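See structure below.
Here is the naming used below: chain letters follow the sequence lines, and residue numbers restart at 1 for every chain. The basis for the numbers below is simple: all heavy atoms, side chains too, and nothing from hydrogens, waters or symmetry mates. In this text, all values refer to a predicted model and were calculated from it rather than measured experimentally.
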Protein chains: 2
Amino acid sequence: MTRVDVNGVTEPADVCSTAMTAPETRNERKERTRRALLDAALRQASERGFAGLSLREIAKQAGVVPTAFYRHFESMDELGVTLVEESMRTLRTMIRGARNAPGGSADLIRASVRTLSEHVRSHEEHYWFLVRERYGGTGAVRQTIGVELKLLAGELAVDLARFDGLRDWSTDDLRMLADLIVSAMLATVLDLLEARPGSEAEITAEAERKLRLIFLGVPHWRSS
Amino acid sequence: MTRVDVNGVTEPADVCSTAMTAPETRNERKERTRRALLDAALRQASERGFAGLSLREIAKQAGVVPTAFYRHFESMDELGVTLVEESMRTLRTMIRGARNAPGGSADLIRASVRTLSEHVRSHEEHYWFLVRERYGGTGAVRQTIGVELKLLAGELAVDLARFDGLRDWSTDDLRMLADLIVSAMLATVLDLLEARPGSEAEITAEAERKLRLIFLGVPHWRSS
DNA sequence: AGATTGAGTGTACAGTCGTTCACTGAAAAT
DNA sequence: ATTTTCAGTGAACGACTGTACACTCAATCT
């Protein structure tokens, strides 16, 4: 029974002993350790921050010798970029989910916030990474997130343009509104991440109230 | 001429050669190197983040041997807390400045944003530190900032309670409004810090519009 | 069947890190 | 005038960092 179990990373108990598993081609194996490296990095970064990553610990947690890291990533920065892209994909998935929410515009806000909350809960590490590195990060990683976030605000602005009270808003005003919403929701995400398990409901409730307040101002806006 | 000049930290050219300077008591000297340590740490943290701090580099930049650090701080964490307190004092000074702005409630928003902008410009390192560690930080530092920020939102809520349309708002609603404002302004701070020198004006302009939009909703709010 | 590829291994090296310890020497206290 | 205090010194430690290099050996290609 030589089950290798490195630092809480449970190596799937397969490999040869049972005949029914793992025809596993070479590329599949490679992809698997690549994922293991990414997962280890993500977990570690969501705790200590990207700056506090250690190539050696990532490798150890992935069940691989340190030098093997370079078979998958040229440098730590490349891994960072990959992590940003991945987390951003997660975020975008969330937005799409909120967009296709059950039609009724009455409690569209409630539905959106609910979607956000659930998504954060089920992708905590990705959101930790995003929120952390958006502000705390260094160089390339932070800037990439910043750019992607502005891009995302742009998409949101387009979505908003379809709503009744917003049809005649200028592009610039829409973008401002989207930015405002994004920053408010980002703060909500952090609150959700830091919250002790019970208090989830009141956080989402407050998030809803913030959005409602913002949209209350919309009908009275005149672009000066 | 044995002028010691360590890594860009210019040692004031005093000490004995000119008779008119430096009676400098022992405590004064101590306080001076303490400040040098704090300044070095602050500068370094505003670039690489608090997690990326190195005791040795801080000491070097302060013109002192590494071990001397322990004469002033028991640990890195203690230095971190000191930095938080200091930066928070700066922030509070700003708030007070905005509160006592020239009375006219008409362009009170404009005045406040202007105060914010100027304050950020003249205390970049403190604001970098706060924004960075608020989200990116680890453990004690991040939590301390979070708590202080909530406290500050509380103060802001009290201030808001004095305004016309807000006199009958519940404490909870006021706090929500204050939170919303704080998160929006925090995003503005980051924008200001990252902005290339020219684009300062448009950022403050957008910040003003965001605040105006928020306050447009205020008269139509009814606490559900 | 034999040659090739390449993911993962193991060792080794040069740095940096925080921290310890015994010390120096001038300012402060006696 | 003598003793005490203590900010700053300098060497040494053990642990950890990223990275270079030569290696193995099973999956893949010819």
Check the angle between the aromatic planes of A:H126 and A:H123 and answer parallel, tilted or perpendicular using the 30° and 60° thresholds.
parallel

Side-chain ion pair, B:D39 and B:R43, N-O less than 4.0 Å:
no

Length of the CZ-P vector between A:R29 and D:dC25, whole Å
15 Å

Over how many whole Å does the gap from A:L53 atom CG to D:dC16 atom C1' extend?
15 Å

Pick base, sugar-phosphate or nothing for A:T67, based on heavy-atom distances below 4.0 Å to the nucleic acid.
base

Whole-Å distance separating the CG atom of A:D77 from the P atom of D:dG18:
13 Å

For B:I109, is there any backbone N or O sitting under 3.5 Å from a side-chain donor or acceptor partner on B:E208?
no

Does a side-chain N or O of B:T33 approach OP1 or OP2 of D:dA7 to a distance below 4.0 Å, or not?
no

Closest to side chain of B:R26, choosing from D:dT28, C:dA26, D:dG18
C:dA26

Nearest-Å distance, CZ (A:F73) to C1' (C:dG6)?
17 Å

In terms of side-chain heavy atoms of B:V65, which of C:dC17, D:dG18, D:dG10 is nearest?
D:dG10

Output the rounded distance in Å from NE2 (A:H72) to P (D:dG18).
16 Å

Closer than 3.5 angstrom, by distance alone: can the side chain of A:R175 be matched with the main-chain N or O of A:A153 as a donor-acceptor pair?
no

Taking atom P of D:dA26 as reference, at what distance in whole Å does atom CD of A:E28 sit?
19 Å

Using a distance-only criterion (donor-acceptor N/O pair, under 3.5 Å, no hydrogens), is the base of C:dG6 paired with the side chain of A:R71?
no

Once you measure the plane-to-plane angle for B:Y135 and A:Y135, does it fall in the parallel (<30°), tilted (30-60°) or perpendicular (>60°) bin?
parallel

Nearest whole angstrom, please: distance from the P of D:dA11 to the CZ of B:R56.
12 Å

Taking any heavy-atom pair under 4.0 Å as a contact, classify B:V64: base, sugar-phosphate, or nothing.
sugar-phosphate

Whole angstrom is fine here: how far is it from NZ in A:K30 over to C1' in D:dA27?
14 Å

Per nearest nucleotide of DNA chain C, the residue lying toward the 5' end, B:N27 or B:E57, is B:E57

Quick one: on DNA chain C, does B:Y70 or A:P66 contact a more 5' nucleotide (nearest heavy atom)?
A:P66

